Amino acid sequence: MQAWQVHELGEPGEVMRRAEVAPPTPGEGQVLLRVRAANINFPDALMCRGQYQVRPPLPFTPGVEICGETEDGRRVIANPVLPHGGFAEYAVADAAALLPAPDALDDAEAAALHIGYQTGWFGLHRRAALEAGETLLVHAAAGGVGSAAVQLGKAAGATVIGVTGGADKAAVARALGCDVVIDRREQDVVAAVKEATGGRGADVIYDPVGGQAYAQSAKAVAFEGRIVVVGFASGSIPSPALNHALVKNYSILGLHWGLYNTRNPKLVQHCHEQLTGLAARGAIKPLVSERVPLAEAAAAVQRVADGATTGRVAVLPGPENGAAA
């Protein structure tokens with residue numbers, strides 16, 4: 001089969017190499033899946049660089065989120081078991097963790113439903129207890145993680161403020177349903193949030209960026225607000241001033257969604273049921289901005305790493321999309 005492999009650490013566009021390899025052999029409790037679509041996540045780029053908390057042995061195939069097909073023809077959503085990731089024609093996954101792909105979504109959309117939307121649901125509902133009528137601020141609102149949070153916030157009845165970088169991404173955020181869009185390149189984010197909320201600030205802030213975005217969050221959060229920390233796409237990990245959290249009376253909430261797969265897998269299943277229901281009634285629909293053949297996976301991962309994409313980019317490994325049969 002055709003698969004992308006990383007033999008040395010570095011930038012994805014430089015270290016990912018396409019090769020003909022033997023299909024992976026499932027271990028105990030695992031199943032072999034034909035990859036119908038693989039969604040690109042920022043952690044794929046971090047793994048190529050050796051900067052992610054999960055460091056699979058070299059060589060490995062990136063790709064942590066797929067829509068796959070079982071031997072009996074079922075469409076499923078899965079997180080491949082590394083080092084046999086999703087940027088290949090076949091991957092392996094834990095049988096107990098397979099989730100049915102929603103009928104309302106095509107393969108690329110289904111592949112993009114899992115990590116970003118699960119993270120959004122857990123962050124907004126499990127951690128921050130977002131309520132209808134509250135104001136939600138989403139950093140990187142046009143990105144893969146941010147776009148999911150925007151849709152979930154709207155579905156929960158919140159007023160959503162999206163922060164983006166550039167006019168093109170601002171247009172995407174508006175199309176996603178943001179009530180207010182702030183272009184951080186042209187506007188003072190904190191002042192714009194205060195103006196949009198009558199000086200109160202945002203009740204919940206969803207931050208997959210870190211760095212300067214977190215500093216803005218601390219200034220723009222409301223009394224009894226909640227800042228949900230889900231990642232550091234900026235490459236800068238902030239050091240929160242806890243005295244500021246004390247005097248302003250807000251909460252800083254960390255979210256590592258992957259822990260729920262081992263600590264409370266039933267809650268992951270419950271979340272998927274909620275997401276499937278939202279997708280069925282059209283309340284959420286993953287924004288897949290690009291669908292690329294397997295041959296273009298490395299270049300696509302590099303674009304995601306560079307912050308040059310909106311929504312999600314999906315890799316389609318089928319023969320009709322440029323992969324070997």
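Predicted, not measured: the structure shown is a model, and the values here were computed from it. Sequential numbering from 1 along the given sequence is applied to the chain's residues.
- With a 4.5 Å cut-off on side-chain heavy atoms, D44 and Y52 do not count as touching.
- Taking CZ of F87 as the reference point, atom CZ of R18 lies at 14.0 Å (rounded to 0.5 Å).
- Under the 4.5 Å side-chain heavy-atom criterion for Ile, Leu, Val, Met, Phe, Trp and Tyr, V92 and I66 are members of distinct hydrophobic clusters.
- Rounding to the nearest 0.5 angstrom, the gap separating the CG atom in L278 from the CD atom in Q151 is 10.0 Å.
- The closest donor-acceptor contact from the side chain of W4 to the backbone of G86 lies at 3.5 Å or more, if one exists at all.
- A donor-acceptor pair under 3.5 Å is formed between the side chain of N79 and the backbone N or O of V64.
- Of all heavy-atom pairs between A3 and A88, the closest is CB-CB, 3.5 Å.
- Remark: T276 OG1 to L105 CG distance equals 8.0 Å, nearest 0.5 Å.
- Between A305 and R49, the shortest heavy-atom contact is CB-NH2, 3.6 Å.
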Kindly determine whether Q30 and E28 satisfy side-chain contact (heavy atoms from CB on, under 4.5 Å), including the steps that lead there. CA-CA 5 Å; Q30 298 178 343; E28 184 176 353; over 6 Å; no
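- Counting non-hydrogen atoms of neighbouring residues, nucleotides and ligands closer than 6.0 angstrom, the OH atom of Y117 exceeds 12 such neighbours.
- Across all non-hydrogen atoms, the minimal contact from L124 to V204 is CD2-CG1, 4.2 Å.
- Proximity of a side-chain donor or acceptor of E109 to a complementary backbone N or O of P286 within less than 3.5 Å is not detected.
- Here the rule is salt bridge (charged side-chain N to carboxylate O under 4.0 Å, His left out) with D106, and of R75, R36, R291 only R291 fits it.
- Linking ILVMFWY residues whenever their side-chain heavy atoms come closer than 4.5 Å, directly or via other members, places I284 and Y206 in the same cluster.
- The distance between the ring centers of H272 and W121 does not fall below 6.0 angstrom.
- The aromatic rings of F122 and Y260 sit tilted, their planes meeting at an angle between 30° and 60°.
- Ion pairing between a basic and an acidic side chain is recognised when a charged N comes within 4.0 Å of a carboxylate O; R303 and E296 show no such pairing.
- Taking all atoms of both residues into account, the shortest heavy-atom contact from A300 to V313 is CB-CG1, 4.0 Å.
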Working for side-chain contact (heavy atoms from CB on, under 4.5 Å), residues Y250 and I227: CA-CA 8 Å; Y250 62 87; I227 300 174; 3.8 Å; yes
Donor-acceptor pairs under 3.5 Å, side chain of residues 131-144 to any protein atom, not counting sequence neighbours: which ones?
| unit_1 | atom_1 | unit_2 | atom_2 | d |
| --- | --- | --- | --- | --- |
| E134 | OE1 | E131 | N | 3.0 |
| E134 | OE1 | R226 | NH2 | 2.9 |
| E134 | OE2 | R226 | NH1 | 3.2 |
| E134 | OE2 | R226 | NH2 | 3.4 |
| H139 | NE2 | A213 | O | 3.4 |
| H139 | NE2 | S217 | OG | 2.8 |

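- Annotation: side chain of M16 is in contact with side chain of C48 (closest heavy-atom distance under 4.5 Å).
- For CD of Q53, the number of neighbouring non-hydrogen atoms (other residues, nucleotides, ligands) closer than 6.0 Å is greater than 12.
- Q269 CD: more than 12 foreign heavy atoms inside a 6.0 Å radius.
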Kindly indicate, with the supporting measurements, whether the criterion side-chain contact (heavy atoms from CB on, under 4.5 Å) is fulfilled by L255 and T119. CA-CA 8 Å; L255 174 62; T119 300; 3.7 Å; yes
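- Put simply, the side chain of I182 does not reach to within 4.5 Å of the side chain of T164, judged on heavy atoms.
- Surrounding CZ of R74 are at most 12 heavy atoms belonging to other residues, nucleotides or ligands under 6.0 Å away.
- Counting only distance, with no hydrogens or angles, the side chain of K154 and the backbone of A149 share no donor-acceptor pair below 3.5 Å.
- Annotation: side-chain hydrogen bond (donor to acceptor under 3.5 Å, both in side chains) contacts of K194 (sequence neighbours excluded): none.
- Taking 4.5 Å as the limit, every side-chain heavy atom of L316 sits out of range of all side-chain heavy atoms of P293.
- Between the side chain of N249 and the main chain of F223, no donor-acceptor pair closer than 3.5 Å is present.
- The OG1 atom of T197 lies 8.5 Å from the CG atom of D203; values are rounded to the nearest 0.5 Å.
- Under the 4.5 Å side-chain heavy-atom criterion for Ile, Leu, Val, Met, Phe, Trp and Tyr, V145 and I40 are members of the same hydrophobic cluster.
- With hydrogens and angles ignored, the 3.5 Å screen pairs no side-chain donor or acceptor of E69 with any backbone N or O of R34.
- Annotation: side chain of L9 is in contact with side chain of L58 (closest heavy-atom distance under 4.5 Å).
- Under the 4.5 Å side-chain criterion, counting only non-hydrogen atoms from C-beta, T159 is not in contact with V180.
- Looking at every heavy atom in both residues, C67 comes nearest to A101 through SG-CB, 4.3 Å.
- Taking every heavy atom of both residues into account, M47 and L82 meet most closely at SD-CD1, 3.5 Å.
- Screening L32, T61, L33 against P24 for a side chain to side chain contact (heavy atoms under 4.5 Å, CB included) leaves a single residue, L32.
- When atom types are taken as modelled, the side chain of D306 and the backbone of A308 share no donor-acceptor pair closer than 3.5 angstrom.
- Under the 4.5 Å side-chain contact rule for hydrophobic residues, V288 and V35 do not share a cluster.
- Within the 4.5 Å cutoff, the side chain of I205 has no heavy atoms near those of the Y214 side chain.
- Remark: E89 CD to E20 CD distance equals 7.0 Å, nearest 0.5 Å.
- Few gaps surround CG on N261; more than 12 heavy atoms of other groups in view lie less than 6.0 Å from it.
- In this structure, CZ in R263 is found 10.0 Å from NE2 in H256, a value given to the nearest 0.5 Å.
- Taking hydrophobic clusters as Ile, Leu, Val, Met, Phe, Trp and Tyr residues chained together by side-chain heavy-atom distances below 4.5 Å, L176 does not share a cluster with V181.
- Between the side chain of D179 and the main chain of V160, a donor-acceptor pair closer than 3.5 Å is present.
- E65 places a side-chain N or O within donor-acceptor distance of the main-chain N or O of H114, the cut-off being under 3.5 Å.
- Judged by distance alone, with hydrogens and angles left aside, the side-chain atoms of D94 form no donor-acceptor pair with the main-chain N or O of A96 at under 3.5 Å.
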Step by step, would you call I115 with N39 a side-chain contact (heavy atoms from CB on, under 4.5 Å)? CA-CA 10 Å; I115 296 175; N39 176 46; over 6 Å; no
